[in-house]
Each structure stands twice: as C-alpha cells, then as structure tokens.
There are 2 protein chains.
Amino acid sequence: MTRTDEGEQTPEDVLVALADPIRREVLTILAREGGATSTSLAASLPITRQAVAKHLAVLDRAGLVRAHRAGREVRYEADLQPLRRTTRWMDTLAAQWEHRLNAIKDLAEEATEP
Amino acid sequence: MTRTDEGEQTPEDVLVALADPIRREVLTILAREGGATSTSLAASLPITRQAVAKHLAVLDRAGLVRAHRAGREVRYEADLQPLRRTTRWMDTLAAQWEHRLNAIKDLAEEATEP
DNA sequence: TCCACGTGCAACCAGTAGGTTGCGCATGGA
DNA sequence: TCCATGCGCAACCTACTGGTTGCACGTGGA
C-alpha cells in the first residue's frame, strides 16, 4: 500500500498526474473496470508492473486513486473528487486572469477615445 | 519569435504548461501587466532571461501566450482561450469516468439486493 | 555613426521522470 | 506443507526538464 492517507492533494499534483497519457489511460481503465491491481493494469498497458506502480504512486499523491488491500492483492479504485476540485480551481484562475485583462483593455480604450 | 503559428495546442500541452508554478506566475504577471518581455519577466522572477524564454516556449506550445515583435523587443501576451477549452475537456473526462463508475455501482447493488 | 540594449542560439550541468531487471517476502490454495 | 502468485524494494539506465553561462546579431537612439 502506498500512502492514501491524503497528505495535501494540491491542484498542482492533479495537473502533474493528468499530464501523462498513460496515467489518464490508467484512470480510464479504473473507471471502466471499477478497480484493478498493478498486475492486471500492466497486462492492459505496454509497460511493466513496476512502471505501473510508479504511475499509481503519482495518482495516489494527487488523491485520484485509493488503494485497498484484499488478501495478497492490492486493488486500486479511482476517486474523481480531486479532479472536480481542480477544474473548479482552474476556472477560478482563468476568471481572475481574464478579469485583469479586461480591466486593462478598458483602460486602453478609455485612453484612446476620451 | 518562437512559433505562435499554433501547431496543435492539445489539452495535454496546456496541462503540462500549467503544472509548473513559475509558468503560472508568468501568466499571472502577463494578465496583471497586460503583456511583458522575457527581460522584464526575468526581473520579476528568481531566474534568468534564458530560463524565462524556455518557459515562454512551453506556454507558446500550449497556445497560452502570443508573441508580438515591437521594434527590438518581443512582447508576450496571455491568451486564455486554450485554458477554457481545457477545463471543458477535463469536465467531459470527469463526467465520462463518473458515468462508468456509477454504472458499475448500480450493477453491484442490483446483484446484492435482487 | 556608434554604442547599448534586447534577443536568439548553443553548450553545458544537475536532478528528476519513466522505464527496466532482479530479488526477497508473504499469503492463499492445492 | 509447499509452491505459485502478487507485491515491494533497490539498483540501474536513458532522456528530458529546468537552470546556468557565454557569445553573436540586429536595431533604436544619442
């Protein structure tokens, strides 16, 4: 088991996690199957189990997956809540930036046509 | 001038660009000031002009900045449109994944209480 | 005309990301 | 009881990222 004890799960961690196509593919499989182990994921992907484990660690750091031990297997499930938080965070950022840009554009118009 | 001739600008490029705190800071400055040069940005940041130029290249690849030559200066301005597109793309992804997860949850309930 | 200033390009360096192989350990089933 | 299976850990490799310095080029102003 990696951590899952949710340290921070910043929006930045989610962006980093989602920036990799293999990690998005992992989340897609997890959503389609409802859960999977590192071994079963490696069977569906072009990389080894250990590489999958590293990707799962990144996803776990972002809070996007949760690990459950079941016997000698460790089953991973997707948690989309941090993703929803992150899109809202990005929208807020975009709104702030656009607000500043519009304010500047208004100032420019005010100066040219008085 | 870097490229600005918009090659693809995939959501992935936007995620990669936004995953770095310095690049987010660059966008913040660009929105606050309405535009800046690599030299003026380097004055506001703890890194050299050449490092700034590399970050601007990443932002340009994502379509988040646009370069305009003005005399011997190259002025960069923020373009938030790819950011808005990316948040919508992420929302769609989240919706698809949640849809699959809910379908699986329903199946499980159906099986346990018939 | 000439010089200063802003850019662009290239080489270089350290650290990290993504991938591999190898091995040891625990656990569940025959 | 014993063996196959699933995991975790560690070492190692390669490529890319983020940063630096140094230098050459073009352009605008005194």
Side-chain angles (χ1 to χ4, degrees), chain A residues 1-5 7 10 12-30 33-62 64-77, chain B residues 1-5 7 10 12-30 33-62 64-77:
Chain A
M1 203 107 41
T2 44
R3 0 188 348 257
T4 306
D5 52 334
T10 65
E12 174 160 339
D13 289 333
V14 175
L15 290 184
V16 169
L18 249 49
D20 187 290
I22 287 212
R23 284 193 287 266
R24 291 196 300 271
E25 177 70 18
V26 166
L27 283 179
T28 301
I29 296 177
L30 253 35
E33 317 279 327
T37 67
S38 56
T39 302
S40 73
L41 283 167
S44 315
L45 294 170
I47 57 176
T48 61
R49 174 182 61 86
Q50 284 80 352
V52 171
K54 291 188 186 182
H55 285 298
L56 285 170
V58 176
L59 289 166
D60 182 71
R61 210 179 307 145
L64 289 167
V65 299
R66 208 162 303 285
H68 302 98
R69 171 136 245 152
R72 65 182 159 190
E73 289 189 347
V74 177
R75 190 147 208 92
Y76 287 86
E77 295 177 11
Chain B
M1 203 108 42
T2 44
R3 351 182 2 250
T4 305
D5 52 335
T10 65
E12 173 161 340
D13 288 333
V14 175
L15 289 183
V16 169
L18 249 49
D20 186 290
I22 286 212
R23 284 192 287 267
R24 290 196 301 272
E25 178 69 19
V26 166
L27 283 178
T28 301
I29 296 178
L30 252 33
E33 317 279 326
T37 67
S38 57
T39 303
S40 73
L41 283 167
S44 314
L45 293 168
I47 58 177
T48 61
R49 174 183 61 88
Q50 283 81 349
V52 171
K54 291 188 185 180
H55 285 298
L56 285 171
V58 176
L59 289 167
D60 182 71
R61 210 179 308 146
L64 289 168
V65 299
R66 208 164 300 286
H68 302 98
R69 172 135 245 153
R72 67 182 160 190
E73 289 189 348
V74 177
R75 190 147 208 93
Y76 288 86
E77 296 178 10

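The chains referred to below are lettered A, B, ... by the order of the sequence lines, with proteins before strands, and numbering in each begins at 1. Computation of the quantities below employed the complete heavy-atom set of this structure, encompassing side-chain atoms and omitting hydrogens, waters and symmetry-equivalent molecules.
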Taking for each residue the nucleotide of DNA chain D with the nearest heavy atom, is it Asp20(B) or Gln50(B) whose nucleotide lies nearer the 5' end?
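Whichever sits nearer the 5' end wins; that is Asp20(B).
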When the nearest nucleotide of DNA chain C is assigned to Gly71(A) and to Ile22(A) on a heavy-atom basis, which residue is associated with the more 5' position?
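Going by which nucleotide is closer to the 5' end, it is Ile22(A).
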Which one, [options], comes nearest to the side chain of [X]?
X	options	value
Ser38(B)	dG8(D), dG18(D), dT7(C)	dT7(C)
Lys54(A)	dG8(D), dT7(C), dA11(D)	dA11(D)
Ala51(A)	dG19(C), dG18(D), dC7(D)	dG19(C)
His55(B)	dT20(D), dG18(C), dG19(D)	dG19(D)
Arg72(A)	dT20(C), dT5(D), dT7(C)	dT5(D)
Thr48(B)	dT21(D), dT7(C), dC7(D)	dT21(D)
Glu73(B)	dG19(C), dT7(C), dG6(D)	dT7(C)
Ile47(B)	dG18(C), dT20(D), dT7(C)	dT20(D)

Output side-chain donor-acceptor pairs under 3.5 Å for residues 48-55 of chain A, partner residues at least two apart or in another chain, one line each.
from: Thr48(A); atom 1: OG1; to: Ala51(A); atom 2: N; distance (Å): 3.4
from: His55(A); atom 1: ND1; to: Arg23(A); atom 2: NH1; distance (Å): 3.2

Donor-acceptor pair (no angle test) under 3.5 Å: Arg23(A) side chain, dG18(C) base
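Flag unset: no donor-acceptor pair detected.
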Presence of Thr39(B) side-chain N/O under 4.0 Å of dC5(C) phosphate oxygens OP1/OP2:
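Indeed not, no polar side-chain atom of Thr39(B) lies that close.
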To the nearest angstrom, how far is Leu56(A) atom CG from dA17(C) atom P?
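Going from Leu56(A) (CG) to dA17(C) (P), I get 16 Å.
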Does the side chain of [Y] come within less than 4.5 Å of [X]'s, by heavy atoms?
X	Y	value
Leu41(B)	Ile29(B)	yes
Val58(B)	Asp13(B)	no
Leu30(B)	Leu64(B)	no

